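Here the structure is laid out as structure tokens; the discussion comes afterwards.
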Amino acid sequence: MTTKKRTCVLAYSGGLDTSVAVAWLRETHGFEVVTCTGDLGSVPDLEAVREKALKSGAKKAIVQDARDTFVRFFVWPGLQAGALYEGRYPLATALGRPLLAKLLVDAARDEGAEFVAHGCTGKGNDQVRFDLAVGALAPDLKVIAPMRGGMNMTREEEIDYAKARGIPVPVTKKSPYSVDENLWGRSVEAGILEDPWAAPPRDVFQWTVDPDEAPAKAREIVIAFNEGVPIALDGEELDGVELIVKLNALAGKHGVGRIDQIENRLVGIKSREIYEAPAAVVLHLAHRALEDMVLSKETLRFKERVSAEYADLVYNGLWFSAHHQDLAAYVHSTQRFVSGEIRVKLDHGTATVVGRRSEHSLYSLSLATYGKGDAFDHKAAEGFIGVFGLPLRNQARTQALWAGDAPLALPKAPTSRSGRRVASDPKTSQGASSATPKRPKKARR
Ligand code: ARG
């Protein structure tokens with residue numbers, strides 16, 4: 001029998017829930033608790049978080065600035081993949097979780113812990129992301145989620161519990177929303193937002209101005225990419241973190257980056273989330289515009305399917321999967337020519353691409369031009385269309401696809417705007433002429 005206490009490493013945000021969880025894990029499970037905090041861009045004071053963890057009863061508090069890792073290993077690959085969940089959400093929260101889980105696993109190894117814990121509830125996607133990531137990286141570790149079961153405290157009970165143990169309690173009024181934030185975006189839900197008919201009130205937004213109140217004058221910016229990674233803003237080379245911070249401020253000032261989305265959670269619930277993601281919205285737009293210039297039609301078409309699949313797997317917590325590695329290899333290969341510059345205009349809540357250039361551009365002026373120097377062989381188009389249209393002509397000769405009663409078949413006589421026949425001649429307005437092959441009766445469903 002060993003008397004050594006078992007250790008649990010807790011993913012710690014510094015909020016009330018996880019502070020209470022430190023004490024709860026000690027008292028209920030008898031653990032030594034080590035907290036683990038990674039700053040992905042929303043922890044302004046890591047030292048304050050460390051102190052709070054220790055005051056809450058942690059044996060040790062690990063804090064680290066993980067912003068650069070977040071951008072290089074999660075945000076940029078997500079951008080290169082064009083990963084937007086259900087076509088819009090740039091996945092800020094979803095991209096952050098696997099990194100926080102990795103930091104948790106590393107800390108558990110360093111501390112010789114058999115347990116890790118997180119403060120996610122049982123209704124959301126984040127519990128899935130933590131649990132799956134820990135399982136993929138360290139299947140021997142046991143995951144505890146006090147908020148999913150066990151702790152079961154209301155906010156008032158948490159405050160009393162904390163006060164009784166000398167745990168610092170928030171002095172500011174609780175926000176009516178549930179918010180998650182990192183460099184790549186802010187996710188806001190709950191409160192009045194649960195009514196999908198209710199427009200989001202002003203106090204939801206912190207990174208973007210109301211488009212009505214944006215500066216009267218639009219702002220044009222230039223973003224430079226190298227192999228799908230943004231490297232400069234308006235000619236100034238910046239590292240990833242700096243570039244995102246700057247662009248969040250710039251685009252947010254013009255009201256760009258608000259997303260109001262009903263999304264399908266992995267656990268089967270439709271939920272309404274408001275996102276603020278100025279840099280992510282602008283960079284996805286610009287990145288795609290550059291791809292339009294340098295990728296072939298086939299690659300663009302196929303990559304769209306990969307983007308949707310990639311977004312799903314990130315959203316569903318499968319970052320540390322073989323499927324991700326395989327898709328990422330494809331995405332990486334597609335990015336080798338995605339270098340160049342994109343001009344974007346920011347204006348009262350909209351971001352519009354107004355210019356693009358790249359040394360790898362497949363856009364050819366001599367092929368596209370209607371002016372001087374046209375290199376396109378107009379005569380050759382005839383032969384091309386002859387072959388391209390061959391199956392249509394062949395089918396028309398044998399199947400009368402567009403005869404009288406076929407769906408979408410047009411009536412024979414010309415119609416006015418209101419849909420009424422302009423002139424009606426009972427002999428010609430009915431049925432197909434006898435020269436056309438008869439449409440078989442059975443073909444109708
Ligand atoms: N719906 C987003 C996701 O699943 C964000 C989740 C966290 N949102 C929040 N408001 N706390 O990735």
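Since the structure is predicted, the reported quantities are computational estimates derived from the model, not experimental observations. All ligand and atom numbering here is 1-based and tracks the order in the structure.
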Original post:
Taking only residues two or more places apart in sequence, or in another chain, which ones meet Lys173 in a side-chain contact (heavy atoms from CB on, under 4.5 Å)?
Top reply: none
**OP:** Provide, to 0.1 Å, the distance between atom 12 (O) of ligand 1 and the closest protein heavy atom, together with that atom's residue and name.
**Re:** Tyr89 OH, 2.6 Å
**OP:** Report yes or no: does Tyr12 contribute a side-chain atom to a donor-acceptor pair with the main-chain N or O of Ala21 at less than 3.5 Å?
**Re:** no
**OP:** Could you list the atoms of ligand 1 found under 4.0 angstrom from a heavy atom of Tyr275?
**Re:** 1 (N), 2 (C)
**OP:** Pick out which of Asp131, Val9, Val134, Leu100 makes a side-chain contact (heavy atoms from CB on, under 4.5 Å) with His118.
**Re:** Asp131
Subject >> ligand 1 atoms in contact with Asp126 (distance to a heavy atom under 4.0 Å) >> reply: 6 (C), 7 (C)
Original post:
Would you say the side chains of Ser13 and Thr18 form a donor-acceptor pair under 3.5 Å?
Top reply: yes
Original post:
If you count the atoms of ligand 1 from 1 in the order shown, which ones are under 4.0 Å from a heavy atom of Thr93?
Top reply: 5 (C), 6 (C), 7 (C), 12 (O)
Original post:
What do you reckon, does Tyr177 put a non-hydrogen atom under 4.0 Å from ligand 1?
Top reply: no
Original post:
Donor-acceptor pair, Gln127 side chain versus Gly122 backbone, under 3.5 Å?
Top reply: yes
Original post:
Considering only the protein, which heavy-atom contact is closest to atom 1 (N) of ligand 1, and what is its distance?
Top reply: Glu263 OE2, 2.6 Å
Original post:
With a cut-off of 4.0 Å, which atoms of ligand 1 are near a heavy atom of Arg129?
Top reply: 3 (C), 4 (O), 12 (O)
**OP:** May I ask you to identify the nearest protein heavy atom to atom 8 (N) of ligand 1, giving residue, atom name and distance to one decimal place in Å?
**Re:** Glu273 OE2, 3.0 Å
Original post:
Nearest to atom 11 (N) of ligand 1, what protein heavy atom do you find, and at what distance?
Top reply: Ser178 OG, 3.0 Å
Original post:
Can the positive tip of Arg265 be found less than 6.0 Å from the middle of the six-membered ring of Tyr315, inside 45° of the ring normal?
Top reply: no
Original post:
Applying a strict 4.0 Å limit to heavy atoms, is Tyr85 in contact with ligand 1?
Top reply: no
Original post:
Can the positive tip of Arg165 be found less than 6.0 Å from the middle of the six-membered ring of Tyr161, inside 45° of the ring normal?
Top reply: yes
**OP:** Quick one: look up the protein heavy atom nearest atom 4 (O) of ligand 1 and list residue, atom name and how far away it is.
**Re:** Asn125 ND2, 2.8 Å
Subject >> Ring centres under 6.0 angstrom apart (Trp319, Phe74) >> reply: yes
Original post:
Going by the order shown, which atoms of ligand 1 are within less than 4.0 Å of some heavy atom of Ser187?
Top reply: 5 (C), 8 (N), 9 (C), 10 (N)
Original post:
Quick one: does ligand 1 sit under 4.0 Å from the side chain of Arg265, the backbone, both or neither, non-hydrogen atoms only?
Top reply: neither
Subject >> 4.5 Å side-chain heavy-atom contact, Pro200 and Arg258 >> reply: no
